[in-house]
Q: 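Below: one structure in structure tokens.
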Amino acid sequence: MAATKASQSKAGATKNLKIFAGSVNHLLAEQIAKKAGVPLGGVEIIRFPDNETFIKISESIRGADVFIIQPTCKQPNDAYMELFLMIDAARRASAARITAVIPYYGYARQDRKDQPRVPISAALVAKLLEAAGADRVVTFHLHAPQIQGYFDIPVDHLEFSPVLLAYLKKTLKVKNLVVVSPDTGGVKAANFYAKALDTGIAFVAKQRTSGHEVKALNVVGDVKGKDAILIDDMTSTCGTLIAAAEMLKANGAKSVRAAVTHAMLNQTGLDKLKTSPIRELIVSDSVPLGDLKGYPVTVLSVSDLFAKAILRIHNNQSINELFKV
Ligand code: R5P
């Protein structure tokens, strides 16, 4: 009798729920759908010879609560276009509600007009998502949390911290730890982690000399004899992390680890990482990661976090629980 009730409530929990994936991180989407207890919906994504994209949702979604998963990285312009087209297709196919699930929000670093005659790309993307027909957005560790304000629709902003802190508490001797921000922009986040782990805090003053080159200038804070953990939102060339790690070692740190949410690692970054003072790089699977065998990278999956968020949103339940550390 109890078993019948449980299965009935599970069926109710996913009734009319449909999850679809764009092409950028299919693996993550498959894991999210599996954990949410629904099959990934069928969608055809075709690239024409002239590079235009064609989308066709291959099952009825009339009246459905549709979630479309697409981190907008790798080729962000194509990734966004694919997402816009999927949202448009879902809207025209009479979905009851469409949620864009964006584990990595491309263009987040262009979030303000910091020079004359430049766009605010992160705001434009928000407008385009709404214009395409998104009713709400679920996203993950935005480079600037204020980006939520660029939307007039609800945004659920998930964090890596509960997953990362659980791992750090399990694996590190927190007594000798110092949390370090690799630049001044990340001090607030580092402070959050330092408080949660009850450790000291430090930061590195950096200067970006080009899109690929970073120079660390100075360390502020006590790192001598400590196990340092660098915290950042993303990395691609590993330039910021490695420059900071070298500076920490030069200032007497015993060991250096790093944790970033979005690992847009390119081959150059990975090769540099292997010979750098960074003992372990901890990342989420928000973006596609490729083959990391032989590199000092630990991947913490956030598929469970996203599956829980989708189920809670679908069932009109609070997602507050998902931020508990
Ligand atoms: C910058 O503000 C970001 O938080 C990252 O520190 C930066 O994007 C990392 O890029 P890279 O790994 O190429 O230095």
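When a ligand or atom number is given, it counts from 1 through the structure's own listing order.
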Q: If you count the atoms of ligand 1 from 1 in the order shown, which ones are under 4.0 Å from a heavy atom of Thr235?
A: 12 (O)
Q: Once you restrict to heavy atoms under 4.0 Å, what part of Thr240 touches ligand 1? Side chain, backbone, both or neither.
A: both
Q: Which ligand 1 atoms, with their elements, are less than 4.0 angstrom from a heavy-atom of Lys206?
A: 6 (O)
Q: What are the two closest heavy atoms between Arg279 and Pro296, and how far apart are they?
A: O-CB, 3.4 Å
Q: What atoms of ligand 1 come closer than 4.0 angstrom to any heavy atom of His143?
A: 1 (C), 2 (O), 3 (C), 4 (O)
Q: Which part of Asp183 is near ligand 1, with near meaning a heavy atom under 4.0 Å away: side chain, backbone, both or neither?
A: side chain
Q: Backbone, side chain, both or neither: what part of Cys238 comes under 4.0 angstrom of ligand 1, heavy atoms only?
A: backbone
Q: State which residues pass side chain to side chain donor-acceptor pair (under 3.5 Å) with Glu246; sequence neighbours excluded, sorted by chain then number.
A: none
Q: Tell me if the aromatic rings of Phe140 and Phe306 count as close, with their centers under 6.0 Å from one another.
A: yes
Q: The criterion is side chain to side chain contact (heavy atoms under 4.5 Å, CB included); which residues satisfy it with Gln75, sequence neighbours excluded?
A: Asp78
Q: Which atoms of ligand 1 have any heavy atom of Gly239 under 4.0 Å away?
A: 12 (O), 14 (O)
Q: With ring pair (Phe, Tyr, Trp, His ring centres under 6.0 Å) as the criterion, how do Tyr104 and His262 come out once you've worked through the C-alpha distance, each side chain's angles and the decisive distance to 0.1 Å?
A: CA-CA 7 Å; Tyr104 172 76; His262 309 293; 4.9 Å; yes
Q: Give the atoms of ligand 1, by number and element, whose distance to some non-hydrogen atom of Met234 is under 4.0 Å.
A: 5 (C), 8 (O), 9 (C)
Q: When clusters are formed by joining ILVMFWY residues with side-chain heavy atoms under 4.5 Å apart, either directly or through shared neighbours, do Val138 and Val24 land in the same one?
A: no
Q: Please state whether Ser236 comes within less than 4.0 angstrom of ligand 1, counting heavy atoms only.
A: yes
Q: What are the atoms of ligand 1, with element, lying closer than 4.0 Å to any heavy atom of Arg109?
A: 8 (O)
Q: For Tyr295, does the six-membered ring have the charged nitrogen or CZ of Lys274 within the cation-pi criterion, i.e. under 6.0 angstrom from the centroid and within 45° of the normal?
A: yes
